[in-house]
Structure formats: C-alpha cells, structure tokens
Colleague: 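My questions all concern the structure below.
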Amino acid sequence: MLDVKKLRKDFDEVKQKLEKRGEDLGNLEKFEELDQKRRALIQETEELKQRRNQVSQEVAQLKREKKDADHLISETKEVSQKIKAIDEELKETEETLQQLLLSIPNIPHESVPVGEDESDNELARKWGEPSSFSFEAKAHWDLGRDLGILEFERASKVTGSRFVFYKGAGARLERALINFMMDLHQEKHGYEEILPPYMVNRDSMTGTGQLPKFEEDAFGIREEDYFLIPTAEVPVTNYHRDEILEGNHLPIAYTAYSACFRSEAGSAGRDTRGLIRQHQFNKVELVRFVKPEESYDELEKITGHAEKVLQLLELPYRVMNMCTGDLGFTAAKKYDLEVWLPSYNNYKEISSCSNFEDFQARRANIRFKRDQKSKTEFVHTLNGSGLALGRTVAAIMENYQQEDGTIRIPDVLRSYMGNKEYIGK
RNA sequence: GGAGAAGUACCCAAGUGGCUGAAGGGGCUCCCCUGCUAAGGGAGUAGGUCGUGUAAGCGGCGCGAGGGUUCAAAUCCCUCCUUCUCCGCCA
C-alpha cells in the first residue's frame with residue numbers, strides 16, 4: 001500500500017511512475033475525490049462529536065446537581081442522529097478508498113529498468129557456463145521416469161494434474177536439499193529458522209499483497225476463510241503483523257521451509273511437463289525486516305544468500321534485474337535467479353529476491369522504533385527464495401546426468417544422501 | 001465438538017451508565033540518601049492513530065473485534081475472535 005500523504009502530495013509524479021509498469025491502474029483517478037470527501041466528512045463528524053461531548057459533560061453536571069437537563073438532552077439527541085448519518089457515509093467512503101489503495105501496485109525503484117515484459121529484463125551477472133554433454137541429454141521428467149524417482153501419472157490418479165510423487169532417491173534428494181539449504185541459511189547466513197502454518201487467513205494474504213487482487217491464484221479453504229499459502233513469505237512476513245519492533249533488533253532474518261500451493265490460474269498449457277510448474281511444491285524462503293535506509297543493501301545481501309546455494313550446488317545461473325513491466329504487484333525492485341535447464345535449453349527462474357520497501361509493512365502494519373523516544377516508522381520487508389526445491393531437483397537431475405542415465409550427486413549434498421555418489425547406481 | 005471462566009495502557013490490576021484517558025502497583029525518567037552494591041525517600045511520565053495547523057497546539061477515536069440500546073457506554077444487550085480449565089475425540 002502506498003503512503004496516502006505522498007499520493008495526495010505528489011499524485012502526478014506517482015501516477016507517472018506507476019504507468020511504467022504497464023498495468024491497469026483501475027480507479028486511480030478517483031483517489032483525489034475520495035480522499036477529499038473522506039477528510040471533509042471527518043471534519044464534519046468530529047465537530048459534532050466535540051459538541052456532543054461538551055453537552056454530555058454539562059448534562060452530567062446538571063444531573064449531579066439534581067437540576068433539569070431536558071433541553072440539552074433533546075439537542076444532543078438531534079446531534080447524535082446527524083453523527084450517525086455522517087459516520088455511515090464516512091465508513092462507506094473509507095471502504096471504497098481502502099479498496100482503491102489496496103489495488104494500487106508498488107512504485108518501482110529508480111534503478112529498475114523501464115520495460116514492458118521479460119524480454120526487457122536486464123542481465124545483472126552470470127555465474128558458470130551452461131552445461132554441455134557429449135551425449136544426448138534427457139529432460140528430468142524422462143530421467144525421473146527411467147530412474148523410478150518421479151511419478152506424475154500416479155499423482156494425477158490420486159489428485160490431478162500438476163502434482164507429483166517423489167520416490168526413493170528422488171524423495172531423499174528433495175529432503176536432502178531442504179536440509180542443506182536450511183542449514184546453510186541458518187548456520188552461515190544468520191537466519192533464524194521457522195516452520196510456519198501452511199494455511200493463513202484473509203488478513204495475512206492481504207498483508208503481503210496476494211489479496212484482494214489475486215484471489216484466483218490462491219487455493220481457498222471451503223469451511224473457513226483460510227488460504228493455502230502460495231509461499232512461506234505470507235505466514236513469515238505476517239508473523240510480525242500489527243507489531244512495533246525494536247530498532248536495535250533489526251535486521252530480523254527468518255528462513256522457513258514450507259510447501260507452497262498455487263492454482264496457476266492463467267498458466268494453462270505452460271510448463272506442462274515435469275517439476276517446473278506444480279500446484280504444490282516445496283520452497284525454502286528467506287525473509288528480512290530491515291530499516292528503510294538499509295533495504296537496498298539488504299536486497300543485494302539476500303540475493304547473495306540465494307546465489308550461494310546455486311554456487312555450492314555448482315549450478316550455472318544468471319541474475320536478472322526485473323524491468324518495470326515484469327516486477328510483480330508488490331515489489332519495488334526484484335532480482336530473479338535463473339538456473340540453466342538443459343531441457344529448456346535456456347535459463348529458468350529458480351528464485352525471486354524482492355525489496356518491497358514499506359509496501360507490505362503498511363498493509364500489514366509492521367513498524368519499528370529506533371529507540372524508546374523516537375517515532376514509529378514502517379520497516380522495509382524483503383524476501384527471496386533460497387531456493388524453490390522442485391526446480392532445484394530438476395536442475396540437478398538435468399545438469400548432473402551421466403551418459404548411463406544415472407545422476408551424480410553434488411558434493412555438498414553427499415553427506416545428506418547417505419554418502420552416495422550417484423542416483424541410479 | 002460440549003460446559004465454564006477470562007480478555008482494560010509496556011506488565012500486573014481496580015473499575016456495573018455521566019466527576020474514568022481510565023484508581024493502585026510494577027516498570028521507565030529525573031532527583032535525594034548511601035563508601036560501593038542491595039535497600040530506602042521524593043517528583044515526573046504514560047501507547048497509538050486520524051483530522052486540522054508552518055508550528056506550539058487544538059480536536060476526534062480508543063478498555064479483544066464488530067454491531068446495538070442510550071442525550072451519554074470500559075460499564076447494559078447481540079454476534080464474532082482469542083486464551084485458560086474440565087469433558088469428549090484425535091495425529
């Protein structure tokens with residue numbers, strides 16, 4: 001959510017920046033009118049309330065003195081009725097305004113390249129070289145089938161499309177990666193480990209920006225107004241919702257493993273094979289709550305933490321600085337990490353690292369005080385995947401495959417895999 | 001799921017319709033006393049948000065949340081949420 005005062009003050013400038021996103025800005029134009037109406041109604045009702053409070057005092061005084069107060073009482077009755085009517089209108093206006101504000105995306109940072117879609121994303125850096133093979137490399141879905149470690153058919157029988165069973169060494173590999181990543185972030189990068197709920201309520205989904213605009217992307221629970229989390233970002237960021245943090249505790253850094261659930265509405269037909277786009281997948285997430293002046297340094301830091309995973313796994317990747325048209329609703333700046341995937345003969349997103357500035361903090365009301373006496377300020381929030389597990393498994397299978405159809409296990413994972421060297425031998 | 005109890009400021013807690021933005025503690029800040037510490041004495045402070053104003057300020061809201069009754073609600077009524085205890089069920 002944007003700062004109402006800034007929007008009021010620099011409306012045209014903000015609008016201009018938002019237009020670079022190429023998104024439909026909906027009713028943005030209605031802001032000024034609604035904002036003015038709201039303030040006028042507040043002034044009106046508050047004046048009447050002040051009057052009512054005064055008269056109530058007088059009534060109380062008269063009653064105590066056992067004097068007659070009927071004339072004052074009848075006056076207040078009228079005033080109260082007016083207040084009620086104005087408050088009702090005010091409430092409606094505020095709700096409309098709130099919905100409007102919740103539907104406005106974040107303002108892109110000045111270092112974000114202006115562009116329309118993913119073809120305008122900027123290459124920030126590259127690590128390693130795309131794998132080359134002296135034999136015909138297979139896609140991970142074929143490797144998985146041949147090795148008996150990934151089963152898509154049974155998953156569609158048991159659940160439906162875009163689900164998978166991992167089996168044997170496949171299941172073990174996923175579990176090894178979870179432990180490897182969590183250990184790395186916890187022990188080496190200084191994150192505190194969290195295991196969050198996989199269902200959250202509507203306020204939480206609104207706090208991080210999935211709602212109200214993107215409800216169709218989430219799985220809802222029929223009996224309660226709960227949602228399956230699309231990422232651990234939601235429960236972990238909302239962990240501090242409606243709190244005032246102590247400035248000297250910042251930055252706060254959490255890492256959380258969770259399953260993630262996405263309806264993938266609107267991506268029918270995309271990435272239909274393999275592990276790349278599933279309704280349920282695992283992810284290790286990084287979340288940071290930081291002071292505003294540090295958030296861009298922090299973005300580099302969190303991106304580095306995600307990159308470290310790829311480096312230790314020795315998977316070739318590149319880092320893209322997402323352009324204004326490909327930023328997503330909530331981010332002010334976002335880097336995507338893309339891993340080399342032989343079956344796509346291309347790089348494929350495996351992590352997103354974003355600085356939301358105070359956009360989520362305003363929605364979720366997460367603030368801090370520099371010290372006891374200072375004013376409350378909104379924190380800046382960041383998160384990054386560190387990493388998406390399914391895609392990591394796919395990348396390992398494809399990049400580490402051998403001519404005989406086995407898969408060499410990356411060195412750093414061996415101790416998590418019973419010291420085996422290969423899957424399939 | 002059933003039965004009961006409770007939710008007041010940073011914490012504990014008093015408060016059943018008007019003089020309660022809210023007693024009293026604790027804490028916190030300052031001062032005094034004490035060789036130091038512990039202890040003691042005194043004074044002060046009360047969160048947040050919205051509106052308005054250049055500002056000092058002024059005003060509105062606020063006692064779990066939302067409605068209602070009333071001229072007036074922490075206090076009465078309704079709904080919901082959370083926590084605790086007991087029973088049932090259960091990984």
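Order of the sequence lines sets the chain letters (A, B, ...), proteins ahead of strands, with each chain counted from 1.
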Colleague: If we take the P atom in both B:rC50 and B:rC36, what is their distance in whole Å?
Modeller: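 Roughly 48 Å separates the two P atoms.
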
Colleague: When we call it a touch if two heavy atoms are under 4.0 Å apart, what does A:Lys77 touch: a base, just sugar-phosphate, or nothing?
Modeller: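 Sugar-phosphate, no base atom in range.
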
Colleague: For B:rC12 versus B:rA22, give the span between their C1' atoms, rounded off to a whole number of Å.
Modeller: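 Here B:rC12 and B:rA22 have their C1' atoms 16 Å from each other.
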
Colleague: Where the side chain of A:Arg52 is concerned, which of B:rC50, B:rG18, B:rC61 is the nearest nucleotide?
Modeller: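 It is B:rC61.
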
Colleague: Between B:rA72, B:rC50, B:rG18, spot the one nearest the side chain of A:Ala60, thanks.
Modeller: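 Output: B:rG18.
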
Colleague: My understanding is that a pair needs two contacts under 3.5 Å, Watson-Crick or G-U wobble. By that rule, which nucleotide pairs with B:rA56?
Modeller: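 Partner of B:rA56: none.
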
Colleague: Using atom C1' in both nucleotides, what's the gap between B:rA9 and B:rG25 to the nearest angstrom?
Modeller: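 It works out to 14 Å between them.
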
Colleague: Please report the distance separating the C1' of B:rG67 from the corresponding atom of B:rC81, rounded so that it comes out in whole Å.
Modeller: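 Rounded to whole Å, the distance is 14 Å.
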
Colleague: Distance check needed: B:rA72 C1' versus A:Leu48 CG, whole Å only.
Modeller: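 A:Leu48 atom CG is separated from B:rA72 atom C1' by 16 Å.
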
Colleague: Round to the nearest Å and state the distance from A:Glu44 atom CD to B:rU52 atom P.
Modeller: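 Rounded to the whole Å, the gap is 14 Å.
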
Colleague: In this structure, how many angstroms lie between the P atom of B:rC61 and the CD1 atom of A:Ile86, rounded?
Modeller: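 In whole Å, B:rC61 P and A:Ile86 CD1 are 14 Å from each other.
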
Colleague: Exactly one of A:Arg172, A:Glu174, A:Arg175 should register a side chain to side chain donor-acceptor pair (under 3.5 Å) with A:Tyr166. Which one does?
Modeller: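 It is A:Glu174, the one option of A:Arg172, A:Glu174, A:Arg175 that forms the side chain to side chain donor-acceptor pair (under 3.5 Å) with A:Tyr166.
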
Colleague: Would you mind telling me which residue lines up with the more 5' stretch of RNA chain B, A:Val55 or A:Lys5, judged by nearest nucleotide?
Modeller: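 First, find each residue's nearest nucleotide; the 5'-ward one identifies A:Val55.
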
Colleague: Look at A:Lys84 and B:rU69 and indicate whether a side-chain polar atom (N or O) is within less than 4.0 Å of OP1 or OP2.
Modeller: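 It does, given that an N or O in the side chain of A:Lys84 lies less than 4.0 Å from OP1 or OP2 of B:rU69.
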
Colleague: Taking B:rG35 as the reference, what is the distance to B:rA56 when you measure between their P atoms (whole Å, please)?
Modeller: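 Looking at atom P only, B:rA56 and B:rG35 are 46 Å apart.
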
Colleague: Which part of the nucleic acid, if any, lies within reach of A:Thr45 when heavy atoms closer than 4.0 Å are counted: base, sugar-phosphate only, or nothing?
Modeller: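 Contact class for A:Thr45: none.
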
Colleague: Where do A:Val309 and A:His185 land on the side chain to side chain contact (heavy atoms under 4.5 Å, CB included) test, with the steps shown first?
Modeller: CA-CA 9 Å; A:Val309 178; A:His185 296 312; 3.7 Å; yes

Colleague: Give me the distance, rounded to whole Å, that separates B:rU37 from B:rG48 when you measure between the P atoms they each carry.
Modeller: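 Their P atoms lie roughly 33 Å apart.
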
Colleague: Would you call A:Asp12-A:Lys15 a salt bridge at under 4.0 Å N-O?
Modeller: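 So A:Asp12 does not pair with A:Lys15 through a salt bridge.
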
Colleague: Using atom CG of A:Asp203 as one end and atom P of B:rA65 as the other, report the distance to the nearest whole Å.
Modeller: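 Result: 14 Å.
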
Colleague: Does A:Arg38 make a side-chain N or O approach to OP1 or OP2 of B:rG51 shorter than 4.0 Å?
Modeller: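 Yes, because at least one side-chain N or O of A:Arg38 sits under 4.0 Å from OP1 or OP2 of B:rG51.
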
Colleague: Tell me the interatomic distance from A:Leu72, atom CG, to B:rG18, atom P, rounded to whole angstroms.
Modeller: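 To the nearest whole Å, that distance equals 18 Å.
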
Colleague: Which heavy atom in A:Phe227 sits nearest to a heavy atom in A:Met205, and how many Å separate them?
Modeller: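 Looking at all heavy atoms of both residues, the shortest contact is CD1-CG, 3.8 Å.
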
Colleague: Checking A:Tyr296 against A:Glu357: is there a side-chain donor and acceptor pair closer than 3.5 Å?
Modeller: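 Note: A:Glu357 and A:Tyr296 side chains meet the donor-acceptor criterion.
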
Colleague: Ring pair (Phe, Tyr, Trp, His ring centres under 6.0 Å) with A:His240: which of A:Tyr254, A:Phe368, A:Phe378?
Modeller: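 Among A:Tyr254, A:Phe368, A:Phe378, the one that satisfies the ring pair (Phe, Tyr, Trp, His ring centres under 6.0 Å) with A:His240 is A:Tyr254.
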
Colleague: Which whole-number value in Å describes the distance from A:Gln98 CD to B:rC50 P?
Modeller: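 About 12 Å, once rounded to whole Å.
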
Colleague: Counting distance alone, no hydrogens or angles: does the base of B:rG59 have a donor or acceptor under 3.5 Å from a partner atom on the side chain of A:Gln50?
Modeller: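 Check fails, no donor-acceptor contact within cut-off.
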
Colleague: Who is the Watson-Crick or G-U wobble partner of B:rG66, with both distances under 3.5 Å?
Modeller: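 With both distances under 3.5 Å, B:rG66 matches B:rC78.
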
Colleague: Select base, sugar-phosphate, or nothing to describe what A:Asp70 touches, counting heavy atoms under 4.0 Å on all strands.
Modeller: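 Nothing, no heavy atom under 4.0 Å.
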
Colleague: If the P atom of B:rG18 is compared with that of B:rA72, how far apart are they to the nearest Å?
Modeller: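 Comparing P positions in B:rG18 and B:rA72 gives a spacing of 14 Å.
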
Colleague: Mapping A:Lys63 and A:Glu46 onto RNA chain B by nearest heavy atom, which one lands closer to the 5' end?
Modeller: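 Closest to the 5' end, via its nearest nucleotide, is A:Lys63.
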
Colleague: Send over the distance from A:Glu94 CD to B:rG66 P, rounded to a whole Å.
Modeller: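 To the nearest whole Å, that distance equals 13 Å.
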
Colleague: Paired with B:rA3 by Watson-Crick or G-U wobble geometry, both distances under 3.5 Å: which nucleotide is it?
Modeller: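 B:rA3 is paired with B:rU85.
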
Colleague: Where does B:rG62 land, syn or anti, given syn is within 90° of 0?
Modeller: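 Syn, which is what one calls it when the glycosidic angle falls within 90° of 0.
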
Colleague: Taking the basic N atoms (NZ, or NE/NH1/NH2) and the acidic carboxylate oxygens, is any pair closer than 4.0 Å for A:Lys17 and A:Glu13?
Modeller: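 Counted as a salt bridge, because a side-chain N and a carboxylate O are separated by less than 4.0 Å.
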
Colleague: What integer number of Å spans the C1' atoms of B:rU29 and B:rU45?
Modeller: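 7 Å, rounded to whole Å.
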
Colleague: Looking at B:rA91, which nucleotide sits across from it as a Watson-Crick or G-U wobble partner, both distances under 3.5 angstrom, or is there none?
Modeller: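 Here B:rA91 is not engaged in any pair, so there is no nucleotide opposite it.
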
Colleague: Using a heavy-atom cut-off of under 4.0 Å over every strand shown, decide if A:Arg362 touches base, sugar-phosphate, or nothing.
Modeller: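 Here A:Arg362 touches no strand at all.
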
Colleague: Which part of the nucleic acid, if any, lies within reach of A:Arg367 when heavy atoms closer than 4.0 Å are counted: base, sugar-phosphate only, or nothing?
Modeller: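 Result for A:Arg367 = sugar-phosphate.
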
Colleague: With both distances under 3.5 angstrom, what nucleotide forms a Watson-Crick or G-U wobble pair with B:rC61?
Modeller: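 Its partner is B:rG48.
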
Colleague: Return the nearest nucleotide to the side chain of A:Lys369; candidates are B:rG51, B:rG47, B:rC71.
Modeller: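 Out of B:rG51, B:rG47, B:rC71, the nucleotide with an atom closest to A:Lys369's side chain is B:rG47.
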
Colleague: Let me know the distance between CG of A:Asp242 and P of B:rU49, rounded to the nearest Å.
Modeller: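 Whole-Å distance recorded here is 12 Å.
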
Colleague: My understanding is that a pair needs two contacts under 3.5 Å, Watson-Crick or G-U wobble. By that rule, which nucleotide pairs with B:rA38?
Modeller: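 Pairing partner, where one exists within any strand: none, as none qualifies.
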
Colleague: Side chain of A:Thr324, backbone of A:Gly115: donor and acceptor closer than 3.5 Å?
Modeller: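 Between the backbone of A:Gly115 and the side chain of A:Thr324 there is a qualifying donor-acceptor contact (under 3.5 Å).
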
Colleague: Does OP1 or OP2 of B:rG48 have a side-chain N or O of A:Thr376 closer than 4.0 Å?
Modeller: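 No, outside the criterion.
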
Colleague: Has A:Arg39 got a side-chain N or O lying under 4.0 Å from the OP1 or OP2 atom of B:rU52?
Modeller: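 For B:rU52, OP1 or OP2 has a side-chain N or O of A:Arg39 closer than 4.0 Å.
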
Colleague: Is the phosphate of B:rG60, meaning OP1 or OP2, less than 4.0 Å from a side-chain N or O of A:Asn53?
Modeller: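 Answer yes for this pair, as a side-chain N or O of A:Asn53 is under 4.0 Å from OP1 or OP2.
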
